[in-house]
Amino acid sequence: MKVEIAAQLVGSWGYQSGDITAIRLTFNSDGTYELQTSLGYSGARHISDEQGVAQGDNTQITLTPESKETKDETTGQTQNVDPGSARTYQWSIGPDVTGVTVLSMTDANGTQTYVPSS
């Protein structure tokens, strides 16, 4: 299904908090997205890979997951899990206080900020 999203969203965006959490959010020009999350604690690392459809305009985007897989890197066990429901965000792209271009996505839980990622 071809869905239009704002051109400035297309590409990969990342977030990292020390060695504990890493997130990579990739928007594709065909309206799909991939959200990869890596969470480590107490010597264990868990990774999730979510794929779905992104729809929106120049101020709002809805991510509708179609599949989600989790992996426990300690045991090597992989499983498909319920991808959950659609999530809607207000978004903007602009410089942060240090002048770095960031993607800010805000929902009822707060704002997450991502930097361009390769």
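Just so you know, residue 1 is the first one in the sequence shown, and it goes up from there.
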Can you tell me how far [atom2] of [Y] sits from [atom1] of [X], rounded to the nearest 0.5 angstrom?
| X | Y | atom1 | atom2 | value |
| --- | --- | --- | --- | --- |
| Lys71 | Glu69 | NZ | CD | 8.5 Å |
| Glu73 | Ile47 | CD | CD1 | 3.5 Å |
| Met105 | Arg87 | CE | CZ | 8.0 Å |
| Leu63 | Leu35 | CG | CG | 8.0 Å |

Contact summary for [X] and [Y], nearest pair of heavy atoms:
| X | Y | result |
| --- | --- | --- |
| Gln8 | Ile93 | O-CD1, 3.4 Å |
| Tyr15 | Thr113 | CD1-O, 3.5 Å |
| Val102 | Trp13 | C-CZ3, 4.1 Å |
| Arg24 | Ser12 | NH2-OG, 3.1 Å |

Asn28 side chain to Asp30 backbone, donor-acceptor under 3.5 Å: no
Test item: Trp91 side-chain N/O and Asp57 main-chain N/O as donor-acceptor pair under 3.5 Å: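 Yes; judged by distance alone, with no hydrogens or angles, the pair exists.
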side-chain contact (heavy atoms from CB on, under 4.5 Å) partners of Ser85, counting only residues at least two apart: none
Side chains of [X] and [Y]: closer than 4.5 Å at any heavy-atom pair?
| X | Y | result |
| --- | --- | --- |
| Gln51 | Glu66 | no |
| Asp82 | Lys68 | no |
| Gln112 | Asp107 | no |

Pair Ser48-Thr70, side-chain donor/acceptor within less than 3.5 Å: no
Side chain to side chain donor-acceptor pair (under 3.5 Å) between Glu34 and Gln36, worked out: CA-CA 6 Å; Glu34 182 173 11; Gln36 298 170 314; 3.3 Å; yes
Parallel, tilted or perpendicular: rings of Tyr33 and Phe27 (30°, 60°):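 The rings of Phe27 and Tyr33 sit tilted, inter-plane angle from 30° to 60°.
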